[in-house]
Amino acid sequence: MSETSPKLRAELEGIPTYKPGKPAATGGPVAYKLSSNENPYPPLPGVLERVTALAGSFNRYPDLACSGLVAELSERFGVPASHIATGTGSVGVAQQLIQSTAGPGDEVIYAWRSFEAYPIITRISGATAVQVPLTPGDVHDLDAMADAITERTRLIFVCNPNNPTGTVVRRAELERFLDRVPGDVLVVLDEAYREFIRDAEVPDGVGLYRERPNVCVLRTFSKAYGLAGLRVGFAIAHEPVAAALRKTAVPFGVSQIAQEAAIASLQAEDELLGRVGSLVCERNRVVEGLRAQGWTVPETQANFVWLRLGERTVAFAAACEQAGVVIRPFPGEGVRVTIGENEANDIFLKVAEGLRKEL
Ligand SMILES: *Cc1c(COP(=O)(O)O)cnc(C)c1O
């Protein structure tokens, strides 16, 4: 056998691999997964029925253009169907956006810490990642991000609310930032948690897209709509960005089951948004509980909370796991804890209280 191995692109060296949230432990008395920002509710019966009915036809390819879903989204948001592009989760669409805009020598700007897929998909493309630190309050530093723009900048992610801190940028500062971005640089507003926002000052990205040809909005069915396992997300973008997304899509990436489940979810939106309302109540209960215990918790508008714990991060996560809740540690920085079942949130609060007392 030959000693050599196939030549791989040098850009792949040092790319961090995506770390999925740890699964809940099995075998223990209770085990809750609060590590991936998933929706704790099981699929709605109506959605499950639609999916089950389709299971008998997966010998066929899906509708390549996702036309039923695109028509539904076009109606729902009041945007032309040609401005909607679907993909395998919004991460899939984000990767297509980078493929469409940036390659070696180009720059992609995003806040850090933010969504961990950004550095991965940026480096895969060969583009240079420009990471702009969050403010001391764990919020996007939009002034610094605008200052970081060069003639090589092709794309800027604004994650609103930010994963993993839950913090938001509001209308005035976001508009001021957008005014500073040249028209030939694409701004991607990643609104994976849009439905959980209760702060009226946070603008809906779709409104900003309407006024600005270089703004694109990313949305997903994975969080509020509870379809994380089916992999479907979408972008709303002007031409020629939307057209570029159709060119860079993996053919037949979104399964027919995912397409139909997404349509059924949009049609059951009232019920799903009712669940989101309950999760928001739980979020507020958890934040207030933590603050009452003495923790500093940044204002969160998403379905998770962030605790900046520094060196205590790993020990904190281990204590949670011992108690039956798996959370997401970012070693040396902090933990992100998804709002889950009420009982899981209770366990988390109890562990946090115990650890607080040890300080
Ligand atoms: C979860 C998440 C997504 C959505 O991922 P999917 O690929 O749609 O499951 C996108 N952006 C951010 C910031 C997220 O946290």
Side-chain angles (χ1 to χ4, degrees), residues 18-21 34-41 69 73 76-77 84-98 110-122 134 138-140 155-169 174 186-199 202-209 215-237 245 254 258 261-262 265-266 269 272-273 275-276 279-280 283 298-306 328 330 336-340:
Y18 192 99
K19 285 202 203 77
L34 304 182
S35 54
S36 293
N37 296 346
E38 292 153 336
N39 195 315
Y41 290 94
L69 176 56
L73 289 168
R76 162 81 170 62
F77 289 100
I84 293 170
T86 52
T88 55
S90 54
V91 172
V93 184
Q95 182 158 24
Q96 292 168 244
L97 284 166
I98 293 188
Y110 51 86
W112 201 250
R113 180 168 281 278
S114 186
F115 187 34
E116 64 180 320
Y118 300 154
I120 298 171
I121 58 182
T122 300
L134 297 172
D138 284 321
V139 180
H140 275 57
L155 183 150
I156 306 173
F157 283 111
V158 176
C159 190
N160 201 27
N162 186 45
N163 177 1
T165 58
T167 51
V168 289
V169 288
L174 189 51
L186 182 66
V187 178
V188 179
L189 303 176
D190 186 345
E191 298 187 333
Y193 303 95
R194 172 71 212 168
E195 297 81 1
F196 295 93
I197 295 176
R198 292 295 178 271
D199 180 336
V202 180
D204 184 327
V206 179
L208 297 169
Y209 132 90
V215 168
C216 158
V217 180
L218 270 186
R219 296 279 181 96
T220 179
F221 285 97
S222 296
K223 311 283 161 54
Y225 294 86
L227 304 183
L230 290 180
R231 313 306 305 127
V232 52
F234 60 98
I236 300 179
L245 287 172
V254 182
S265 300
L266 287 169
E269 202 164 40
L272 288 167
L273 293 183
R275 291 174 161 192
V276 167
L279 289 168
V280 167
R283 169 182 85 200
E299 191 66 47
T300 173
Q301 292 289 314
N303 66 339
F304 51 84
V305 295
W306 170 250
R328 179 73 162 88
F330 295 87
R336 187 194 68 197
V337 185
T338 307
I339 301 302

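What's counted below: heavy atoms across the whole structure, side chains too, no hydrogens, waters or symmetry copies. Note that the numbering runs from 1 along the sequence shown for the chain.
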Please name the pair of heavy atoms, one in [X] and one in [Y], separated by the smallest distance, quoted to 0.1 Å.
X	Y	value
L208	P203	CD1-CG, 4.0 Å
P164	W306	O-CB, 3.3 Å
E195	A192	OE1-O, 4.0 Å
V93	T86	CG2-C, 4.0 Å
A258	L230	CB-O, 3.4 Å
R231	S222	NH1-OG, 3.5 Å

Answer yes or no: is there a side-chain heavy-atom contact under 4.5 Å between [X] and [Y]?
X	Y	value
L279	N39	yes
V276	Y225	no
R194	D204	yes
L134	H140	yes
S265	L227	yes
I156	L186	no
F77	F234	yes
Q301	R283	yes

Measuring from atom [atom1] of [X] to atom [atom2] of [Y], what distance do you get when rounded to the nearest 0.5 angstrom?
X	Y	atom1	atom2	answer
L189	L174	CG	CG	6.0 Å
I197	T300	CD1	OG1	9.5 Å
R113	T165	CZ	OG1	10.5 Å
D190	S90	CG	OG	5.5 Å
Y118	Y110	OH	OH	10.0 Å
R328	S36	CZ	OG	8.0 Å

Inset, instruction - Any chance you could lay out the side chain to side chain contact (heavy atoms under 4.5 Å, CB included) test for I120 and T122, step after step, and finish with the verdict? - result: CA-CA 5 Å; I120 298 171; T122 300; over 6 Å; no
Between [X] and [Y] (side chain of the first, backbone of the second, donor and acceptor by atom type, cut-off under 3.5 Å), is there such a pair?
X	Y	answer
N160	V169	yes
N163	F115	no
Q96	L245	yes

Inset, instruction - Decide side chain to side chain contact (heavy atoms under 4.5 Å, CB included) for L218 and E191; before the verdict, give the C-alpha distance in whole Å, the side-chain angles of both, and the deciding distance to 0.1 Å. - result: CA-CA 6 Å; L218 270 186; E191 298 187 333; over 6 Å; no
Legend entry - Test: K223 and E38 ion pair at under 4.0 Å: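 Not counted as a salt bridge, because no side-chain N and carboxylate O are separated by less than 4.0 Å.
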Inset, instruction - Anything under 30° is parallel, anything over 60° is perpendicular, the rest tilted; go ahead and classify Y193 against F196. - result: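 Because their plane-to-plane angle lies in the 30° to 60° range, the rings of Y193 and F196 count as tilted.
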Inset, instruction - May I have the step-by-step check of side chain to side chain contact (heavy atoms under 4.5 Å, CB included) for L266 and L73, ending in yes or no? - result: CA-CA 8 Å; L266 287 169; L73 289 168; 3.7 Å; yes
Legend entry - Donor + acceptor pair across side chains of N162, S114 (<3.5 Å):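 Judged by distance alone, the side chains do pair up.
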Legend entry - Check: T338/N37 side-chain N/O donor and acceptor closer than 3.5 Å: yes
